[in-house]
Amino acid sequence: MARPKAILFDLDNTLYDFTATWTQATYPLVQELIEAHHKEEIPIPELWGIFERINRVIFSHVDHGHLPGRLGRQLRWELLGAVLNIPIDPHEMNSRHLDAMMFCIPFEEASLVIPTLAQSYPLGIVTNGPEDLLNRRLKAIGLDSYFPDQCRISAERAGFFKPHPEIFQKALTALGVDPQDALYIGDSWEYDVLGAYNADIPCLWFNPYHRPCPAPQMVLQEIHNLSDLLHSQWIPLP
């Protein structure tokens, strides 16, 4: 592969730690519900597991385009209320949760790596997250100035979800490059690696938790820290 003309990134769990941010934002709200409605007989770890399962089921439908994200975010709280048999205002809980999710926990290397790469390459984002949260979260982690608005491609904007190749094509069009001239970096094997592969975009797999690689031939390189990008043979720097 020749020197890329543009670099594309996933957002959640690639440029910031979505999993840690989710736990930090969500756990206190779930605990508050238990205490406010005197449901202490339900162990918090048990209820936490129930809520995470509710969330996974709902967002599997969201990520495959079967349910609007805004509806899914409220529905998870409504279903939790049904499980606990307590009244919950899903709109209020969703609003409070989204505000808490803005205290994003960044991967420390991102604040160095992204500005460095932006000096040499046009950058873009491809995410299954909604448009409004994409912009708010980029700003929250201090990286919004490195990704032009037209190069921030959400599933909402594209009309397709990863791993569909069309969402990647929207990003390529915005950056004005062909698939073989771009490089994509993301953490999800299903959505990022397979999506980039199906769109014919060379891919680096961001794998900070050292999960087994299902098919090494599908990625140029496996990286465990974003700082590895500054030393990758695939991203020449001045």
What pair of heavy atoms forms the shortest contact from R157 to D149, and how long is it? NH1-O, 3.0 Å
Do Y16 and L11 have side chains that get closer than 4.5 Å, going by heavy atoms? yes
Check R96 with D89, please: is the shortest side-chain N to carboxylate O separation under 4.0 Å? no
If you round to the nearest 0.5 Å, how far is CD1 of I185 from CG of L204? 5.0 Å
If I compare all heavy atoms of L237 with all of S120, which pair ends up nearest, and what's the gap? CD2-OG, 4.1 Å
CG on L84 to CD1 on I50, rounded to 0.5 Å: 7.5 Å
Are L220 and Y184 connected into the same hydrophobic cluster when the rule is that any two of I, L, V, M, F, W, Y join if their side-chain heavy atoms are below 4.5 Å apart? no
Answer yes or no: is there a side-chain heavy-atom contact under 4.5 Å between D192 and W205? no
For A182 versus P4, what's the shortest heavy-atom pair and its separation? C-CB, 4.4 Å
Answer yes if I223 and L230 sit in the same cluster of Ile, Leu, Val, Met, Phe, Trp and Tyr residues linked by side chain heavy atoms under 4.5 Å apart, and no otherwise. yes
Where is the tightest heavy-atom contact between F107 and L226, given as atom of each residue plus distance? CB-CD1, 4.1 Å
Look at atom OH of Y197 and say whether more than 12 heavy atoms of other residues, nucleotides or ligands are closer to it than 6.0 Å. no
Within-4.5 Å side-chain heavy-atom neighbours: P179 and L172: yes
Please check: side-chain N/O of T21 versus main-chain N/O of I105, any donor-acceptor pairing under 3.5 Å? yes
Backbone of E131 reached by a side-chain donor or acceptor of E156 within 3.5 Å: yes
Between the SG atom in C203 and the CH2 atom in W234, the distance rounded to the nearest 0.5 Å is 12.5 Å
Sole residue of R76, E92, Q74 in side-chain contact (heavy atoms from CB on, under 4.5 Å) with H97: R76
Heavy-atom side-chain proximity of L29 to W77 below 4.5 angstrom: yes
Taking T173 for its side chain and Q169 for its backbone only, find out whether a donor-acceptor pair lies under 3.5 Å. yes
Answer yes or no: is there a side-chain heavy-atom contact under 4.5 Å between L134 and F147? no
For H91, is there any backbone N or O sitting under 3.5 Å from a side-chain donor or acceptor partner on N94? no
Check this for me: K139, atom NZ, are more than 12 non-hydrogen atoms of other residues, nucleotides or ligands nearer than 6.0 Å? no
Is there side-chain contact between T19 and N13, with heavy atoms separated by less than 4.5 Å? yes
Nearest non-hydrogen partners of E109 and S227, listed with the distance: CB-N, 3.8 Å
Check whether N128 reaches the backbone of A155 with its side chain - one donor and one acceptor, N or O, closer than 3.5 Å. no
Does a sphere of radius 6.0 Å around CG in N85 hold more than 12 heavy atoms from other residues, nucleotides or ligands, not counting ones at 6.0 Å or beyond? no
Whether K162 side chain and I167 backbone form a donor-acceptor pair below 3.5 Å: no
If you define the side chain from C-beta out and look only at heavy atoms, does anything of L117 sit under 4.5 Å from F9? yes
Residues two or more places apart in sequence or in another chain: which of them pass side-chain contact (heavy atoms from CB on, under 4.5 Å) with I44? Y27, Q31, I34
For a 4.5 angstrom cut-off between non-hydrogen side-chain atoms, does I153 reach L8? no
Do V62 and L79 land in one hydrophobic cluster if side-chain heavy atoms of ILVMFWY residues count as linked below 4.5 Å? yes
So, using ring-ring contact (aromatic ring centres under 6.0 Å, His included) as the criterion, who are the partners of Y121 when residues are at least two apart? none
Take a 6.0 Å sphere around CZ of F103 and say whether it holds more than 12 heavy atoms from other residues, nucleotides or ligands. no
So, the side chain of R152 versus the backbone of D144: is there a donor-acceptor pair under 3.5 Å, distance only? yes
Starting at CZ of F59, measure out to CD1 of I54 and round the result to the nearest 0.5 Å. 12.0 Å
Other residues, nucleotides and ligands only: do more than 12 of their heavy atoms fall within 6.0 Å of NE2 on H224? yes
Can you check whether K39's main-chain N or O pairs, donor with acceptor, with H37's side chain at less than 3.5 Å? no
Value rounded to 0.5 Å, distance of CG in D99 from CE in M102: 7.5 Å
In Å, rounded to the nearest 0.5 Å, how long is the span from OG of S111 to CG of L15? 11.0 Å
Taking CD in E108 as the centre, count heavy atoms belonging to other residues, nucleotides or ligands within less than 6.0 Å. Is the count above 12? no
Could you go through the side chain to side chain contact (heavy atoms under 4.5 Å, CB included) check for M93 and L80 one step at a time? CA-CA 11 Å; M93 291 302 297; L80 182 62; over 6 Å; no
I'd like to know if I125 and V193 are part of one continuous hydrophobic network [Ile/Leu/Val/Met/Phe/Trp/Tyr, side-chain heavy atoms within less than 4.5 Å]. no
In short, A118 meets L123 closest at the heavy-atom pair CB-CD1, 3.8 Å
Classify the ring geometry of F51 against W22: parallel below 30°, tilted from 30° to 60°, perpendicular beyond 60°. parallel
Would a single hydrophobic cluster contain both I114 and L183, if residues Ile, Leu, Val, Met, Phe, Trp and Tyr are joined by side-chain heavy-atom contacts under 4.5 Å? yes
